[in-house]
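Read the structure below first, then the notes.
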Amino acid sequence: NMTHLLRETDLSDAITSAIEEIDAKSPHNIFDIKIDIDASKVKAEATLLKQAIINLLKESAKLSQKGDIITFITYTLDNWVVMQIKDENK
């Protein structure tokens with residue numbers, strides 16, 4: 001039985017940390033981060049949140065070309081935080 005402790009987590013910190021980890025392995029991408037101030041704090045297990053973001057960014061980086069811009073956007077919708085990744089091929 002695995003339980004996770006949900007705490008208020010800074011989404012910006014999780015995204016920045018994930019990008020630093022991805023950037024070290026995939027330095028040819030450009031990351032553009034847009035965080036809605038209302039979506040800056042979330043209730044989550046910080047380690048799992050960061051890993052989910054890493055997984056999304058890795059997949060996007062893997063499918064992109066050198067110099068592509070990967071945009072990470074967060075916003076709120078009906079009391080939920082939405083995370084959206086767009087990769088724009090040049």
Side-chain angles (χ1 to χ4, degrees):
N1 185 9
M2 196 170 169
T3 59
H4 300 285
L5 185 59
L6 300 181
R7 291 191 172 143
E8 186 172 281
T9 302
D10 189 319
L11 186 55
S12 179
D13 288 348
I15 294 168
T16 301
S17 179
I19 286 175
E20 287 171 356
E21 191 168 318
I22 295 295
D23 202 32
K25 298 173 185 168
S26 181
H28 67 273
N29 295 110
I30 300 164
F31 294 101
D32 180 26
I33 311 303
K34 298 174 181 170
I35 300 174
D36 182 336
I37 192 68
D38 293 330
S40 63
K41 301 281 184 190
V42 296
K43 276 206 171 197
E45 202 289 321
T47 305
L48 293 177
L49 176 62
K50 178 183 169 187
Q51 190 58 53
I53 294 167
I54 287 171
N55 292 347
L56 291 169
L57 291 173
K58 272 186 184 177
E59 189 63 25
S60 191
K62 183 170 68 173
L63 298 172
S64 67
Q65 303 296 317
K66 184 176 183 176
D68 285 352
I69 298 170
I70 297 172
T71 304
F72 195 105
I73 301 167
T74 68
Y75 58 93
T76 56
L77 180 67
D78 297 329
N79 292 323
W80 289 91
V81 173
V82 178
M83 294 184 285
Q84 182 178 30
I85 296 179
K86 295 180 181 181
D87 46 18
E88 301 169 20
N89 298 330
K90 287 188 175 184

- What's the spacing between Met83 CE and Leu57 CG if we round to 0.5 Å? 10.0 Å
Distance-only check: which donor-acceptor pairs under 3.5 Å involve side-chain atoms of residues 43-53, not counting sequence neighbours?
| residue | atom | partner | partner atom | Å |
| --- | --- | --- | --- | --- |
| Glu45 | OE1 | Thr47 | N | 3.1 |
| Glu45 | OE1 | Leu48 | N | 2.8 |
| Lys50 | NZ | Ser17 | OG | 3.0 |
| Lys50 | NZ | Glu21 | OE1 | 3.4 |
| Gln51 | NE2 | Asn55 | OD1 | 2.9 |

Side-chain donor/acceptor pairs under 3.5 Å, residues 31-38, sequence neighbours excluded:
| residue | atom | partner | partner atom | Å |
| --- | --- | --- | --- | --- |
| Asp32 | OD2 | Lys34 | NZ | 3.4 |
| Asp36 | OD1 | Asp38 | N | 2.8 |

- Message: Within this structure, what is the CD1-OG1 distance for the pair Ile15 and Thr74, rounded to the nearest 0.5 Å?
- Response: 5.5 Å
- Message: Is the shortest side-chain heavy-atom distance between Ile30 and Asp68 below 4.5 Å?
- Response: no
- Run through the side-chain heavy atoms of Ile, Leu, Val, Met, Phe, Trp and Tyr, join any pair under 4.5 Å, and report what else lands in Tyr75's cluster. Ile73, Leu77, Val82
- Message: Under the rule for side chain to side chain donor-acceptor pair (under 3.5 Å), what residues qualify as partners of Ser60, not counting sequence neighbours?
- Response: Asp87
- Contact summary for Ile54 and Ala18, nearest pair of heavy atoms: CG1-CB, 3.5 Å
- Rounded distance [0.5 Å steps], CG in Leu63 versus NZ in Lys58: 13.5 Å
- Message: Using the rule given for side chain to side chain contact (heavy atoms under 4.5 Å, CB included), can you reason through Gln84 versus Thr71, listing the C-alpha separation, both sets of side-chain angles and the distance that settles it, and then say yes or no?
- Response: CA-CA 8 Å; Gln84 182 178 30; Thr71 304; over 6 Å; no
- Enumerate the residue pairs fulfilling salt bridge (charged side-chain N to carboxylate O under 4.0 Å, His left out) with a member in residues 6-17, sequence neighbours excluded, ordered by first and then second residue. Asp10-Lys41
